[in-house]
Asks: 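This is the structure I have questions about; it appears just below.
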Amino acid sequence: MRQPLVAGNWKMHGSRESVGTLLGALLASDIADTVEVAVCPTYVHLAQALELCAGSAIGVGAQDCSHAEAGAYTGEVAATMLADLGCDWVILGHSERRAYHNESDSLISAKLAAAIEAGLKPVLCVGETREQREAGEAEAVVAAQLAGALDGHSKLDGLVIAYEPVWAIGTGLTATPEQAQDIHAFIRAELAGVTGVNADATRLLYGGSVKPGNAGELFAQADIDGALVGGAALVAEDFQAICNAAA
Ligand SMILES: O=C(CO)COP(=O)(O)O
(Lines give C-alpha, C1' and ligand atoms only; values in the text may rest on other atoms or scores of the structure.)
Protein backbone atom coordinates (compact mmCIF):
# COMPACT_ATOMS: atom_id res chain seq x y z
CA MET A 1 0.00 0.00 0.00
CA ARG A 2 1.54 3.30 -1.08
CA GLN A 3 0.79 6.30 1.11
CA PRO A 4 -0.40 9.23 -1.00
CA LEU A 5 2.04 12.14 -1.18
CA VAL A 6 1.24 15.70 -2.19
CA ALA A 7 4.16 18.12 -2.50
CA GLY A 8 3.98 21.81 -3.28
CA ASN A 9 6.69 23.20 -5.53
CA TRP A 10 6.60 26.90 -4.78
CA LYS A 11 9.16 27.66 -7.52
CA MET A 12 10.54 31.23 -7.36
CA HIS A 13 7.66 32.70 -5.39
CA GLY A 14 7.30 34.10 -1.92
CA SER A 15 8.47 36.59 0.66
CA ARG A 16 8.93 36.19 4.39
CA GLU A 17 5.44 37.58 4.79
CA SER A 18 3.72 35.36 2.22
CA VAL A 19 5.55 32.23 3.44
CA GLY A 20 4.35 32.98 6.97
CA THR A 21 0.79 33.55 5.81
CA LEU A 22 0.63 30.48 3.55
CA LEU A 23 2.16 28.10 6.07
CA GLY A 24 0.07 29.62 8.87
CA ALA A 25 -3.06 28.84 6.87
CA LEU A 26 -1.90 25.32 5.93
CA LEU A 27 -0.90 24.46 9.48
CA ALA A 28 -4.29 25.62 10.76
CA SER A 29 -6.19 23.73 8.06
CA ASP A 30 -7.65 20.29 8.26
CA ILE A 31 -5.57 17.93 6.16
CA ALA A 32 -6.24 14.21 6.48
CA ASP A 33 -3.39 12.38 8.18
CA THR A 34 -3.49 9.54 5.66
CA VAL A 35 -1.77 11.76 3.09
CA GLU A 36 1.87 12.79 3.39
CA VAL A 37 2.37 16.49 2.67
CA ALA A 38 5.48 18.49 1.81
CA VAL A 39 6.24 22.04 0.75
CA CYS A 40 9.28 23.13 -1.26
CA PRO A 41 9.99 26.86 -0.94
CA THR A 42 13.03 28.69 -2.31
CA TYR A 43 16.37 28.13 -0.57
CA VAL A 44 16.09 31.46 1.24
CA HIS A 45 12.73 30.53 2.76
CA LEU A 46 13.70 27.03 3.87
CA ALA A 47 14.81 27.95 7.40
CA GLN A 48 11.60 29.90 7.99
CA ALA A 49 9.46 27.07 6.61
CA LEU A 50 11.31 24.48 8.70
CA GLU A 51 10.82 26.54 11.83
CA LEU A 52 7.11 27.01 11.16
CA CYS A 53 6.53 23.34 10.24
CA ALA A 54 8.58 21.89 13.12
CA GLY A 55 6.55 19.32 15.00
CA SER A 56 3.81 19.32 12.33
CA ALA A 57 2.97 16.73 9.71
CA ILE A 58 4.17 19.00 6.89
CA GLY A 59 7.59 18.07 5.54
CA VAL A 60 9.89 20.61 3.93
CA GLY A 61 12.09 20.21 0.88
CA ALA A 62 14.32 22.13 -1.49
CA GLN A 63 13.77 22.55 -5.22
CA ASP A 64 17.28 21.46 -6.21
CA CYS A 65 20.69 20.67 -4.77
CA SER A 66 24.27 20.63 -5.98
CA HIS A 67 25.96 17.51 -7.35
CA ALA A 68 29.05 18.52 -5.35
CA GLU A 69 29.59 18.02 -1.65
CA ALA A 70 31.44 21.28 -0.96
CA GLY A 71 33.99 23.57 -2.51
CA ALA A 72 34.35 26.33 -5.04
CA TYR A 73 30.84 26.19 -6.55
CA THR A 74 29.54 29.74 -6.31
CA GLY A 75 25.77 29.89 -5.89
CA GLU A 76 25.33 26.19 -5.24
CA VAL A 77 23.83 24.53 -2.15
CA ALA A 78 24.98 21.06 -1.12
CA ALA A 79 22.58 18.25 -0.27
CA THR A 80 24.40 17.84 3.06
CA MET A 81 23.61 21.49 3.87
CA LEU A 82 19.93 20.91 3.20
CA ALA A 83 19.94 17.81 5.39
CA ASP A 84 21.83 19.67 8.11
CA LEU A 85 19.20 22.42 8.02
CA GLY A 86 16.51 19.79 8.57
CA CYS A 87 15.07 19.33 5.09
CA ASP A 88 13.36 16.04 4.31
CA TRP A 89 12.93 16.29 0.56
CA VAL A 90 14.63 17.56 -2.58
CA ILE A 91 13.14 17.96 -6.05
CA LEU A 92 15.58 16.97 -8.80
CA GLY A 93 15.51 17.25 -12.58
CA HIS A 94 12.54 19.58 -12.79
CA SER A 95 11.85 20.47 -16.43
CA GLU A 96 12.48 24.15 -15.67
CA ARG A 97 15.99 23.24 -14.48
CA ARG A 98 16.51 21.01 -17.50
CA ALA A 99 15.33 23.77 -19.85
CA TYR A 100 16.73 26.96 -18.29
CA HIS A 101 19.86 25.57 -16.65
CA ASN A 102 20.75 22.91 -19.19
CA GLU A 103 20.63 20.11 -16.64
CA SER A 104 21.56 16.83 -18.25
CA ASP A 105 20.55 13.37 -17.11
CA SER A 106 24.11 12.72 -15.97
CA LEU A 107 24.16 15.88 -13.83
CA ILE A 108 20.77 14.91 -12.38
CA SER A 109 22.16 11.44 -11.65
CA ALA A 110 25.07 13.03 -9.74
CA LYS A 111 22.64 15.23 -7.80
CA LEU A 112 20.59 12.15 -6.99
CA ALA A 113 23.66 10.41 -5.61
CA ALA A 114 24.47 13.46 -3.46
CA ALA A 115 20.89 13.69 -2.18
CA ILE A 116 20.69 10.01 -1.28
CA GLU A 117 24.09 10.11 0.40
CA ALA A 118 22.92 13.10 2.50
CA GLY A 119 19.76 11.24 3.56
CA LEU A 120 17.34 13.44 1.62
CA LYS A 121 14.29 11.91 -0.07
CA PRO A 122 14.50 12.77 -3.79
CA VAL A 123 11.56 13.57 -6.03
CA LEU A 124 12.90 12.95 -9.52
CA CYS A 125 10.96 14.75 -12.26
CA VAL A 126 10.55 13.39 -15.77
CA GLY A 127 8.28 14.35 -18.64
CA GLU A 128 8.09 15.08 -22.33
CA THR A 129 7.53 18.33 -24.24
CA ARG A 130 4.51 18.92 -26.45
CA GLU A 131 6.59 18.33 -29.59
CA GLN A 132 7.85 15.04 -28.20
CA ARG A 133 4.32 13.91 -27.33
CA GLU A 134 3.01 14.87 -30.75
CA ALA A 135 5.86 12.92 -32.34
CA GLY A 136 4.82 9.84 -30.35
CA GLU A 137 8.01 9.97 -28.29
CA ALA A 138 6.61 10.46 -24.78
CA GLU A 139 7.48 6.97 -23.51
CA ALA A 140 10.93 6.94 -25.10
CA VAL A 141 11.77 10.34 -23.60
CA VAL A 142 10.61 9.32 -20.14
CA ALA A 143 12.44 5.99 -20.36
CA ALA A 144 15.68 7.77 -21.32
CA GLN A 145 15.29 10.30 -18.48
CA LEU A 146 14.72 7.48 -15.98
CA ALA A 147 17.65 5.43 -17.20
CA GLY A 148 19.91 8.49 -17.38
CA ALA A 149 19.21 9.46 -13.80
CA LEU A 150 18.79 6.06 -12.14
CA ASP A 151 21.26 3.68 -13.73
CA GLY A 152 24.25 2.86 -11.59
CA HIS A 153 22.73 3.75 -8.22
CA SER A 154 22.43 1.01 -5.66
CA LYS A 155 20.39 2.71 -2.90
CA LEU A 156 17.14 4.03 -4.30
CA ASP A 157 14.78 3.21 -1.41
CA GLY A 158 12.18 5.87 -0.89
CA LEU A 159 12.73 7.42 -4.31
CA VAL A 160 9.69 9.31 -5.61
CA ILE A 161 9.14 9.96 -9.31
CA ALA A 162 7.08 12.91 -10.55
CA TYR A 163 5.73 12.66 -14.07
CA GLU A 164 5.31 16.22 -15.28
CA PRO A 165 4.52 16.60 -18.96
CA VAL A 166 6.13 19.92 -19.88
CA TRP A 167 3.10 20.95 -21.94
CA ALA A 168 0.89 20.72 -18.85
CA ILE A 169 3.04 22.83 -16.52
CA GLY A 170 1.60 26.24 -15.76
CA THR A 171 -0.51 26.11 -18.91
CA GLY A 172 -3.85 25.07 -17.47
CA LEU A 173 -3.66 22.03 -19.77
CA THR A 174 -3.74 18.88 -17.65
CA ALA A 175 -3.01 15.46 -19.03
CA THR A 176 -6.27 13.53 -19.02
CA PRO A 177 -6.42 10.98 -16.21
CA GLU A 178 -6.01 8.26 -18.86
CA GLN A 179 -2.96 9.93 -20.47
CA ALA A 180 -1.37 10.35 -17.05
CA GLN A 181 -2.22 6.80 -15.96
CA ASP A 182 -0.75 5.35 -19.16
CA ILE A 183 2.61 7.00 -18.55
CA HIS A 184 2.53 6.23 -14.82
CA ALA A 185 1.97 2.54 -15.58
CA PHE A 186 4.80 2.72 -18.12
CA ILE A 187 7.09 4.33 -15.52
CA ARG A 188 6.28 1.63 -12.96
CA ALA A 189 7.06 -1.06 -15.52
CA GLU A 190 10.36 0.67 -16.36
CA LEU A 191 11.25 0.94 -12.67
CA ALA A 192 10.76 -2.81 -12.28
CA GLY A 193 13.88 -3.21 -14.40
CA VAL A 194 16.02 -0.77 -12.38
CA THR A 195 18.38 -2.27 -9.81
CA GLY A 196 17.74 -1.02 -6.30
CA VAL A 197 14.14 0.10 -6.92
CA ASN A 198 11.04 -1.58 -5.56
CA ALA A 199 8.68 -0.55 -8.34
CA ASP A 200 5.50 -1.55 -6.53
CA ALA A 201 6.42 0.49 -3.48
CA THR A 202 7.60 3.58 -5.40
CA ARG A 203 5.29 6.54 -5.27
CA LEU A 204 4.60 8.14 -8.65
CA LEU A 205 3.29 11.70 -8.56
CA TYR A 206 1.58 13.55 -11.37
CA GLY A 207 2.42 17.22 -11.93
CA GLY A 208 1.09 19.80 -14.37
CA SER A 209 -1.84 22.13 -13.69
CA VAL A 210 -3.18 20.02 -10.81
CA LYS A 211 -6.11 21.89 -9.25
CA PRO A 212 -8.83 21.03 -6.73
CA GLY A 213 -11.17 20.42 -9.68
CA ASN A 214 -9.06 17.76 -11.41
CA ALA A 215 -7.13 16.20 -8.52
CA GLY A 216 -9.76 13.61 -7.61
CA GLU A 217 -9.95 12.02 -11.05
CA LEU A 218 -6.15 11.93 -11.33
CA PHE A 219 -5.76 10.32 -7.90
CA ALA A 220 -8.40 7.73 -8.77
CA GLN A 221 -5.96 6.21 -11.28
CA ALA A 222 -4.22 3.02 -10.19
CA ASP A 223 -0.64 4.25 -10.60
CA ILE A 224 -1.03 7.90 -9.55
CA ASP A 225 0.00 8.15 -5.91
CA GLY A 226 -0.21 11.90 -5.44
CA ALA A 227 0.87 15.15 -7.01
CA LEU A 228 3.65 17.68 -7.38
CA VAL A 229 1.71 20.93 -7.40
CA GLY A 230 2.94 24.29 -8.67
CA GLY A 231 0.58 27.26 -8.88
CA ALA A 232 -2.22 25.77 -6.78
CA ALA A 233 0.26 25.08 -3.96
CA LEU A 234 0.53 28.84 -3.40
CA VAL A 235 -3.15 29.07 -2.44
CA ALA A 236 -3.74 27.47 0.95
CA GLU A 237 -7.32 26.37 0.37
CA ASP A 238 -6.51 24.90 -3.05
CA PHE A 239 -3.49 22.99 -1.74
CA GLN A 240 -5.51 21.73 1.22
CA ALA A 241 -8.27 20.56 -1.14
CA ILE A 242 -5.74 18.75 -3.35
CA CYS A 243 -4.17 17.07 -0.31
CA ASN A 244 -7.56 15.92 0.91
CA ALA A 245 -8.48 14.64 -2.55
CA ALA A 246 -5.47 12.31 -2.23
CA ALA A 247 -6.48 11.04 1.23
O1 LIG B 1 5.89 22.20 -12.37
C2 LIG B 1 5.00 21.87 -11.60
C3 LIG B 1 5.30 21.32 -10.27
O4 LIG B 1 6.64 20.99 -10.14
C5 LIG B 1 3.57 22.05 -11.97
O6 LIG B 1 3.28 23.40 -11.99
P7 LIG B 1 1.75 23.87 -12.16
O8 LIG B 1 0.95 23.08 -11.13
O9 LIG B 1 1.77 25.33 -11.88
O10 LIG B 1 1.35 23.50 -13.55
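In this chain, residues are counted from 1 in sequence order. Order of listing sets the numbers, starting from 1, for every ligand and every atom in it. Note that these values count all heavy atoms, side chains included, but never hydrogens, waters or copies made by symmetry. For clarity, every value in this text was computed on a predicted model and none was experimentally measured.
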Asks: As an exercise, identify every atom of ligand 1 less than 4.0 angstrom from a heavy atom of E164.
Replies: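 Selected atoms, number and element: 1 (O), 2 (C), 3 (C), 4 (O), 5 (C).
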Asks: Which of the numbered atoms in ligand 1 are under 4.0 angstrom from any heavy atom belonging to S209?
Replies: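 Answer, ordered by atom number: 7 (P), 8 (O), 10 (O).
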Asks: Could you tell me whether ligand 1 has any atom less than 4.0 Å away from a heavy atom of A232?
Replies: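 No.
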Asks: Are E164 and H94 close enough that a side-chain donor and a side-chain acceptor fall under 3.5 Å?
Replies: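 Yes - a donor-acceptor pair under 3.5 Å links their side chains.
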Asks: Describe, in one word, how the ring planes of Y73 and H67 are oriented to each other, choosing from parallel (under 30°), tilted (30 to 60°) and perpendicular (over 60°).
Replies: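 Taking H67 first and then Y73, their aromatic rings stand perpendicular (interplane angle over 60°).
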Asks: Strictly distance-based, threshold 3.5 Å: is any side-chain N or O of D225 a donor or acceptor partner for the main-chain N or O of Q3?
Replies: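 No, because the side chain of D225 does not come within donor-acceptor range (under 3.5 Å) of the backbone of Q3.
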Asks: Any N or O of K211 that comes nearer than 3.5 Å to an N or O of ligand 1?
Replies: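 By distance alone, the answer is no.
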Asks: Considering both backbone and side-chain atoms of G231, is one of its nitrogen or oxygen atoms within less than 3.5 Å of a nitrogen or oxygen in ligand 1?
Replies: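 Yes - when backbone and side-chain N and O of G231 are compared with those of ligand 1, one distance drops under 3.5 Å.
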Asks: If you count the atoms of ligand 1 from 1 in the order shown, which ones are under 4.0 Å from a heavy atom of A168?
Replies: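 Counting from 1, the qualifying ligand atoms are 10 (O).
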Asks: So is K11 touching ligand 1 or not, going by heavy atoms under 4.0 Å?
Replies: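 Under 4.0 Å: yes for K11.
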Asks: Nearest non-hydrogen atom to atom 10 (O) of ligand 1 belongs to which of G172, C125, G170, A162?
Replies: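 The residue whose heavy atom sits nearest atom 10 (O) of ligand 1 is G170.
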Asks: So, Y206 side chain and P177 main chain: donor-acceptor pair closer than 3.5 Å or not?
Replies: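 Not at all, since once roles are kept as given, no pair shorter than 3.5 Å links the two residues.
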Asks: Pull out every atom of ligand 1 sitting under 4.0 Å from any heavy atom of L228, numbered as shown with elements.
Replies: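 Counting from 1, the qualifying ligand atoms are 3 (C), 4 (O).
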Asks: Using heavy atoms and a threshold below 4.0 Å, how should the contact between A233 and ligand 1 be classified: side chain, backbone, both, or neither?
Replies: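 Neither; nothing of A233 gets under 4.0 Å from ligand 1.
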Asks: Does any N or O in the side chain of R16 come within less than 3.5 Å of the main-chain N or O of H45, such that one atom is a donor and the other an acceptor?
Replies: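 No; judged by distance alone, with no hydrogens or angles, the pair does not exist.
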Asks: For the pair D88 (side chain) and V60 (backbone), establish whether a donor and an acceptor sit closer than 3.5 Å, ignoring hydrogens and angles.
Replies: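 Indeed, once roles are kept as given, a pair shorter than 3.5 Å links the two residues.
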Asks: If only atom types and distance count, is the side chain of E103 paired as donor or acceptor with the main-chain N or O of A99 below 3.5 Å?
Replies: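 The answer is no, because no donor-acceptor pair under 3.5 Å joins these two groups.
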Asks: By number and element, which atoms of ligand 1 are closer than 4.0 Å to a non-hydrogen atom of G208?
Replies: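 Per the distance check, 5 (C), 10 (O).
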Asks: Among all protein heavy atoms, pick the one closest to atom 8 (O) of ligand 1 and tell me residue, atom and distance.
Replies: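 In this structure, atom 8 (O) of ligand 1 has G230 N, 2.9 Å as its nearest protein heavy atom.
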Asks: Would a distance-only check, ignoring hydrogens and angles, find a side-chain to backbone donor-acceptor pair under 3.5 Å from S209 to A168?
Replies: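 It does hold such a pair.
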